[in-house]
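Written below as structure tokens is the structure these notes are about.
Since the structure is predicted, the reported quantities are computational estimates derived from the model, not experimental observations.
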Amino acid sequence: MAHTVGGCSLALIFIIVLLLVKANIDACRRGDVTVEPSHVISLGSAVNISCSLKPKQGCSQYPGFNMLILYKFNRRINFLHGHFLSSQVTGLPLGTTVFLCKLACSKNKELRICGAEISVGVVPEQPQNLSCIQKGERGTVTCTWDRGRDTHLYTAYTLQLNGPKNLTWQKQCNGHYCDHLDLGVNLTPELPESSYTAKVTAINSLGTASSFPSTFTFLDIVRPLPPWDIRIKCVNASVSRCILQWNDEGLVLLNRLRYRPNSSGAWKMVSATNTKGRHDLLDLKPFTEYEFQISAKLHLYKGSWSDWSESLRTQTPEEEPTGTLDVWYMKQHIDYSRQQISLFWKNMSISETRGKILHYRVTLQEVAGGKVTLQNITEHTSWTWVVPRTGNWVVTVSAANSKGSSLPTRINITDLCGAELLAPRQVSANSEGVDNIMVTWEPPGKAAPAVQEYVVEWKELHPRGGTQPPLNWLRSTPSNVSALISENIKPYSCYEISVYALSGHQRGCSSIWGDSQHKAPRSGPHINAISEEKGSVLISWTEIPAQEKMGCLLHYRIYWKERDSNTQPQLYEIPYRVSPNSHSVDNLQPSVTYVLWMTALTAAGESPPGNEREFCLQGKANWSVFVAPSICVAVVIVGIFSVRYFRQKAFVLLLALRPQWCSKEIPDPANSTWAKKYPIMEKTQLASDRLLTDWPNPEEPETLVITEVLHQVTPVFRHPYHPNWPDKGQGVQGHYTSEEDTGYSASSLPPSKALIAETGQLVDLYKMLGSRGPDSKPGHLANPLTVLPVDYLPTHEGYLPSNIQYLPSHEVPVTDPLEELETQHISLSVFPSSSLHPLTFCDKKLTLDRLKMGCSSLML
């Protein structure tokens, strides 16, 4: 099988060679192209190119038209009619140029005859900087050199090494870019001081050049292999002494070490002799990642350093933290007796932590008590607690790792803005690029010498995403009155910036808003409610989203105009800090429909309008508009009615306007058939049981007997004796009794509160009616001689209020006829019947034909 494959390969090679020969023969079948002096010439030399036709290879149809044409690449440079053409060419460039000869038998047809390549180059330069090296004790010798300029010709380089005992090694490389050769020879250390000579020779068609011989020894050319298996160990887990170890080749005499922290770019170099693969490091930093590399050399003065070893990256052990924490705080009142203290501190640098911080220890104590009130351990960089507002408080914060704790930072919790004299002046914030804000201020006047340091604090005013914004701060010396803040600064975000001046336990502050970049807000406020409050309009709106504010808002503008009006809208500008989400407008007219909308402004411009809302003020018009006319009308009316004539005319007018139902005539009871049917009964006492009976059936009416006691009476004006009644000016069971009540004393009766009249004389002021009290039981009669006021009649017994008309007695002379004829009206009020008692009339009975009724009262 193997023999078969070998035979096929040889046959394929033979066929390819045959085809190439045939192609070459076919290419120059018609003629030849000759080049003189050579196909390879040096730069700037001239060359003669000749083209000739072979016999019987001219144009068969037109023998006299044979025209030979010489092309340089694709450009025609010469032509001639005949069988031979010769041309001299100069100025050929470096490299290879192709010439082609063609036969033209007609204008449209050219036949290729033959071609030639001319190479232009230079003589090789002498190789320079020949050096040889052997990598490791068991490596081979490799030499390198500089070829010089490119010859543009095929050039062969031959390396020759001559050693002791007439030993010679030689090797050649072919190619345009040969600049190194590996001889494949290993030099042994048996004769380390023996000399070796190397030389390289360059040869091409134009000439030869050889380098200067290079002489060296074994120690000169052998480069040790890089050290390996590097490791480090710190004694007692402390960076005070760390041992670096590695492995080397046996002949290594000298080592060098370099190391650096990973965060640093500069190496620290250390040289060591006869180290035997070990070196002590005493200046490493704790808890720091280092990179270590080592190289080796066989001799102090001879030879070269090995390549650097692979890097060893490791972290040194921890140590107790150094330095103190940078602590800041905020204080906020919760109510009248409590306050919230929030502490913040920054992470210490790696050089200060010297290890991984496991936790922070916070202690809080009252200055007066001196005892620790609270001690807390946290892994966060903030801490919050609620303490009483009374007393002075001190806080200490320290950081701890596996080896110990840092020194505590002590801070007194005082009012950050308590000392007005320490407040910095003229605080300003200006943009300094995309992510920086320059804050400047002036010292606090006369208190400037007392300032120990300044603290600049900033936090995002409206954080995006609703998260709590981080608190940032930096400290500045008293002589510095500016600070460039860049930590956590984002473009198009607003920050509240405060500058605090610290002097002992006192602090003063000033604040301002600032941003690094700003532009007009993307949207306007959204009005969500409009309400009326005491004649003004209260407008409430929703805050613009933080991502659409595009910087610090300076003002809100409220626009309004009447609906369907083409006039310019009115506006009211509100500082953003004054009213962040509501404000009232006073100058809107009632009963007018307005259209309202709002915009927001930053330092860059105004936002688009927000939503529109319609509103109509429904409140009363301003009462002050009607005060003056009302006062004038009242004065005129009072003036008119102060005149008696106008007052009487007005009274007549009011009577004329009285309702019809009030002036309707009431039928006279004297015409009642019931009154005529029953005569007057004299000297009959009204039985109490008759009064206690129910009203008669309408079909058979019963007579209400009223006994008239007619005795001569002498009117005496006095206060009646009422042992069980309230004092004057007070009502009886809700009824008011005045001091003008009139009483009479009868000559024929004892002072028993009964009113007696003689025959023929009407009772003047009282009626004696039989009655039953509400508390009376059936069959039980009330006192028959109880005196009741005339204006008191029970409603549930069927009596109506009435007035009594006084008639003069025929037995008593009347001194004043006018008074006799004058009608006296006494109002009768309706009381509960609990105090009713039967009344007795003497001599005659009072019947309904003696009653006269008017519109407003019942007349006797």
Side-chain angles (χ1 to χ4, degrees), residues 129 131-144 180 182-183 185-194 196 214 216-319 349-351 354-356:
N129 302 324
S131 64
C132 298
I133 190 173
Q134 177 177 307
K135 291 186 176 181
E137 298 176 3
R138 295 177 178 83
T140 58
V141 177
T142 301
C143 296
T144 61
H180 66 277
D182 186 354
L183 289 173
V185 176
N186 174 253
L187 302 183
T188 61
E190 284 83 6
L191 300 172
E193 299 296 333
S194 299
Y196 296 87
S214 174
F216 49 83
T217 65
F218 173 82
L219 295 176
D220 291 331
I221 70 168
V222 174
R223 175 182 291 181
L225 295 177
W228 66 93
D229 192 18
I230 304 174
R231 55 203 180 274
I232 190 171
K233 179 181 179 181
C234 293
V235 180
N236 297 326
S238 174
V239 293
S240 59
R241 184 187 177 193
C242 292
I243 301 173
L244 187 65
Q245 296 177 309
W246 66 92
N247 291 334
D248 266 329
E249 288 186 310
L251 297 178
V252 171
L253 179 64
L254 183 65
N255 291 100
R256 60 181 179 179
L257 293 73
R258 67 179 184 180
Y259 56 95
R260 64 180 177 182
N262 285 345
S263 58
S264 175
W267 292 94
K268 186 171 182 179
M269 195 81 66
V270 175
S271 296
T273 305
N274 293 322
T275 58
K276 304 300 181 182
R278 153 184 195 133
H279 184 72
D280 292 345
L281 298 173
L282 307 177
D283 60 346
L284 299 181
K285 298 179 181 179
F287 198 66
T288 304
E289 277 211 21
Y290 279 94
E291 180 183 4
F292 299 91
Q293 286 183 337
I294 307 173
S295 66
K297 192 178 179 183
L298 299 182
H299 195 271
L300 293 175
Y301 309 109
K302 295 182 179 182
S304 59
W305 288 98
S306 70
D307 294 332
W308 289 103
S309 66
E310 293 184 358
S311 295
L312 169 67
R313 291 180 173 87
T314 186
Q315 189 177 64
T316 54
E318 295 184 359
E319 293 289 341
S349 63
I350 296 178
S351 61
R354 306 208 302 176
K356 181 181 179 181

Report the C-alpha distance between Val222 and Leu251 in whole Å, list the side-chain angles of each, state the deciding distance to 0.1 Å, and finish with yes or no for side chain to side chain contact (heavy atoms under 4.5 Å, CB included).
-> CA-CA 10 Å; Val222 174; Leu251 297 178; over 6 Å; no
Pair Phe216-Cys132, side chain to side chain contact (heavy atoms under 4.5 Å, CB included): steps then yes or no | CA-CA 8 Å; Phe216 49 83; Cys132 298; 3.8 Å; yes
For the backbone of [Y] and the side chain of [X], can you confirm whether one donor and one acceptor N or O come within less than 3.5 Å of each other?
{"X": "Tyr259", "Y": "Leu312", "result": "no"}
{"X": "Asn262", "Y": "Thr288", "result": "no"}
{"X": "Arg231", "Y": "Asp229", "result": "yes"}
{"X": "Thr140", "Y": "Val185", "result": "no"}
{"X": "Glu137", "Y": "Gly139", "result": "no"}
{"X": "Thr316", "Y": "Lys285", "result": "yes"}

Distance from Ile243 atom CD1 to Arg278 atom CZ, nearest 0.5 Å?
-> 4.0 Å
Distance-minimising heavy-atom pair for Glu318 and Pro286 = C-CB, 4.2 Å
Check step by step if side chain to side chain donor-acceptor pair (under 3.5 Å) holds for Ser306 and Ser295.
-> CA-CA 5 Å; Ser306 70; Ser295 66; 4.7 Å; no
Contacts of type salt bridge (charged side-chain N to carboxylate O under 4.0 Å, His left out), residue Glu289, not counting sequence neighbours | none
Would you please say whether a donor-acceptor pair under 3.5 Å links the side chains of Gln293 and Ser311?
-> yes
Is any side-chain N of the basic residue among Glu249 and Arg138 closer than 4.0 Å to the acidic one's carboxylate O?
-> no
Is the number of heavy atoms from other residues, nucleotides or ligands within 6.0 Å of CG (Asp283) greater than 12?
-> yes
NZ of Lys302: more than 12 outside heavy atoms within 6.0 angstrom?
-> yes
Intermediate values then yes/no, side chain to side chain contact (heavy atoms under 4.5 Å, CB included), Leu183 and Thr142 | CA-CA 6 Å; Leu183 289 173; Thr142 301; over 6 Å; no
Chi angles and distances behind the side chain to side chain contact (heavy atoms under 4.5 Å, CB included) call for Leu284, Ile232 | CA-CA 12 Å; Leu284 299 181; Ile232 190 171; 4.0 Å; yes
